[in-house]
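The structure appears below as structure tokens.
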2 protein chains.
Amino acid sequence: MSIHAQSQAAHQPRFDPLRNVKKGDAAYHAVRRSILLGHTQPGEPLLEQRIAEQLNCSQGTVREALLRLEQDGLVLRRGYRGTVVSTTSMQEAAQMVEIRLQVESTGIRQSTMSIGRDILAELAAITSDMDEAVRALDFYRCSELDREFHMILFRQAALPSLEPILNRCALHIHRFTYLNAETMEPELSFGDNHRALLGVIGTRDPAAACESIKSHIGHVIERWAPLLVQELDRIHTHGTGLL
Amino acid sequence: MSIHAQSQAAHQPRFDPLRNVKKGDAAYHAVRRSILLGHTQPGEPLLEQRIAEQLNCSQGTVREALLRLEQDGLVLRRGYRGTVVSTTSMQEAAQMVEIRLQVESTGIRQSTMSIGRDILAELAAITSDMDEAVRALDFYRCSELDREFHMILFRQAALPSLEPILNRCALHIHRFTYLNAETMEPELSFGDNHRALLGVIGTRDPAAACESIKSHIGHVIERWAPLLVQELDRIHTHGTGLL
DNA sequence: CCGGTTAAGATTATCGATATCGATTTTGAA
DNA sequence: TTCAAAATCGATATCGATAATCTTAACCGG
């Protein structure tokens, strides 16, 4: 499988319109995209040199990207024996949904109280972009925008060390959903869902916002990964009480 | 604050007794140790070059370590402006306890059914080492052994992509507890707790094991971070129902 | 034919040097 | 004097080369 940089800048550093974009970030996003779209399959080896050539950067830069992907849980690095793409089992995906519900529920209560008009506007803009991505059938962009929406919202809760955990969970849930989707029909209700959520947040009612986001996540799972619902039920009948 | 390598190997690669130990790992552990012990305080800057000199390795190797620490949430990298040590607020620590309870409860049910005698023996050995660390008042080693114990146990659940999340949470909880501890008295019951847990696991009763680990975690929190208990209660009165 | 040792090839790990960036200070002309 | 452009400085980001390591396959004595 070959990984392509999304934009190829010639090397006039002084007038590069894409300065400020670090190559390491570009490499990270390129490989991540390839994995999330299933273009590089679980188990497939990722070679630092090869990717470096494809992306026009050095091995060290790719190494940095792979290191980050390992922490995201998307690849497994096996020392001198190479790096391979990981998988997400249904059980893992279900647990990540649980964590996400737990973390986002707490987060949105804080966010609802501290969020400003400017951020709400930004979130509305992202939601519009998402409508566009849905119309263009660009599922990857759709998933990126969804993560961005949730992450910006969560950032308002000022719990920074939980952000990477939430991001990880969202990443894995998206990948699982995408790779196991039974249907690929575009879904405009996605954006409507976010708008409804923004509406509730606007009322500054933490409890309502909390319920709203839980139902949002629940609906998305039901719509895109009905198999996960089954697994989640199985978990709950085991009675995962909290302390 | 200065960071020291724990062992200094001369450079005869062929006869190095510590071969197989990568310098990057050494750097990662050295810096992490320094942060967890509070020797480098939150907000304190970490300079790649300076650490490289202290650890006798190159900047790139330290860079790799800092990258990993960022993913652990222990440092914040601010591009060309340097890296600083992060903090863990009480709210964040409380959320991490919740996540840990959620994840480990599920994990131990699986582990209880699939764990082998050899692993149980390994865990018992780690517990003995922990007794020793407690007697030596070596709290860092104690916390490392505790994490190792829980991680090995969780690994048996075969949910690999959740392992980094659990590890992160355990790391942050340990740091929070250590830096906010009101008492530092050694505690042999720590090891006894683990032995009791192993006993329950030996009965192969998943539900009992689940209760056992929840009570284990609860006891540790109560013992070392009573302030966290208060915060956890606050969370629960908000009614964090799951879907 | 076979078990073990070693050589070769492929890949990661580490290094030292250089390019780039962002903040601060200096400069210089209005 | 003042303010914007330029030089400076401390630091990261990237590179290309080399060392260390693992895997595989060739080799060899029995």
Side-chain angles (χ1 to χ4, degrees), chain A residues 1-3 5 7-31 40 43-71 75-85, chain B residues 1-3 5 7-31 40 43-71 75-85:
Chain A
M1 176 53 216
S2 113
I3 293 162
S7 58
Q8 201 69 265
H11 51 75
Q12 318 99 313
R14 220 169 298 276
F15 301 113
D16 188 346
L18 294 181
R19 69 177 183 286
N20 251 359
V21 173
K22 281 170 277 188
K23 278 196 169 186
D25 290 349
Y28 170 72
H29 287 290
V31 178
T40 57
E44 193 166 334
L46 296 170
L47 306 190
E48 297 181 359
Q49 287 288 12
R50 207 158 80 82
I51 296 174
E53 284 167 25
Q54 291 170 341
L55 263 48
N56 262 76
C57 64
S58 81
Q59 180 211 356
T61 302
V62 173
R63 185 182 173 72
E64 174 183 326
L66 292 183
L67 229 22
R68 289 167 65 183
L69 286 168
E70 180 184 34
Q71 298 289 341
V75 306
L76 256 56
R77 286 167 59 73
R78 307 171 304 172
Y80 292 93
R81 274 170 292 167
T83 300
V84 295
V85 178
Chain B
M1 174 56 218
S2 107
I3 295 163
S7 58
Q8 200 70 266
H11 51 74
Q12 316 101 313
R14 222 168 297 276
F15 302 114
D16 186 347
L18 294 180
R19 71 177 181 287
N20 252 0
V21 173
K22 280 169 278 189
K23 278 196 170 185
D25 290 349
Y28 169 73
H29 286 290
V31 179
T40 56
E44 194 168 335
L46 297 170
L47 306 189
E48 297 182 358
Q49 288 286 13
R50 209 159 82 83
I51 297 174
E53 285 168 25
Q54 292 171 342
L55 264 48
N56 262 76
C57 65
S58 81
Q59 180 210 356
T61 302
V62 174
R63 183 182 175 72
E64 175 181 324
L66 292 182
L67 229 22
R68 288 167 66 182
L69 286 167
E70 180 184 35
Q71 298 290 340
V75 306
L76 255 54
R77 286 168 58 74
R78 305 173 304 173
Y80 292 92
R81 274 171 294 167
T83 300
V84 296
V85 179

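So that the names make sense, note that chain A is the first sequence line, chain B the second, and so on, each numbered from 1.
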Legend entry - Rounded interatomic separation in angstrom, taking CD from A:E53 and P from C:dA10: 13 Å
Legend entry - Atom-to-atom span, CG of A:L55 to P of D:dT14 - whole angstrom: 12 Å
Inset, instruction - Give the minimum heavy-atom separation between B:V84 and B:G43, together with the two atoms involved. - result: CG1-O, 3.8 Å
Inset, instruction - Check each of B:V31, B:I51, B:V85 against B:T40 using the side-chain contact (heavy atoms from CB on, under 4.5 Å) test, and report the only one that passes. - result: B:V85
Pull out every protein N or O sitting under 3.5 Å from an N or O of nucleotides 9-11 of chain D, one pair per line with the distance.
none

Inset, instruction - Indicate whether OP1 or OP2 belonging to C:dC15 is found under 4.0 Å from a side-chain N or O atom of B:K23. - result: yes
Legend entry - Which atom of B:A27 lies closest to which atom of B:L55, heavy atoms considered: CA-CD2, 3.5 Å
Legend entry - N or O in side chain of A:R77 less than 4.0 angstrom from C:dA13 OP1/OP2: yes
Legend entry - Presence of salt bridge, A:R68 and B:E70, under 4.0 angstrom: no
Legend entry - Rounded interatomic separation in angstrom, taking CD from B:Q49 and P from D:dT12: 7 Å
Inset, instruction - Just compare D:dA13, C:dT14, D:dT14 and give me whichever is closest to any side-chain atom of B:S58. - result: C:dT14
Inset, instruction - With a 4.0 Å heavy-atom cut-off, tell me which residues in residues 61-69 of chain A come close to DNA chain C, sorted by residue number. - result: A:R63
Inset, instruction - Quick one: pull up NZ in B:K23 and CG in B:N56 and give me the separation to the nearest 0.5 Å. - result: 6.0 Å
Legend entry - Nearest heavy atoms of B:G24 and B:E64, plus distance in Å: CA-OE2, 4.3 Å
Inset, instruction - State the NZ-OH distance between A:K22 and A:Y28, to the nearest 0.5 angstrom. - result: 13.5 Å
Inset, instruction - Starting from P on C:dT11, measure out to NZ on B:K22 and report it in whole angstrom. - result: 17 Å
Legend entry - Listed partners of A:T83 passing side-chain contact (heavy atoms from CB on, under 4.5 Å), at least two apart: A:L46, A:L66, A:V75, A:R77
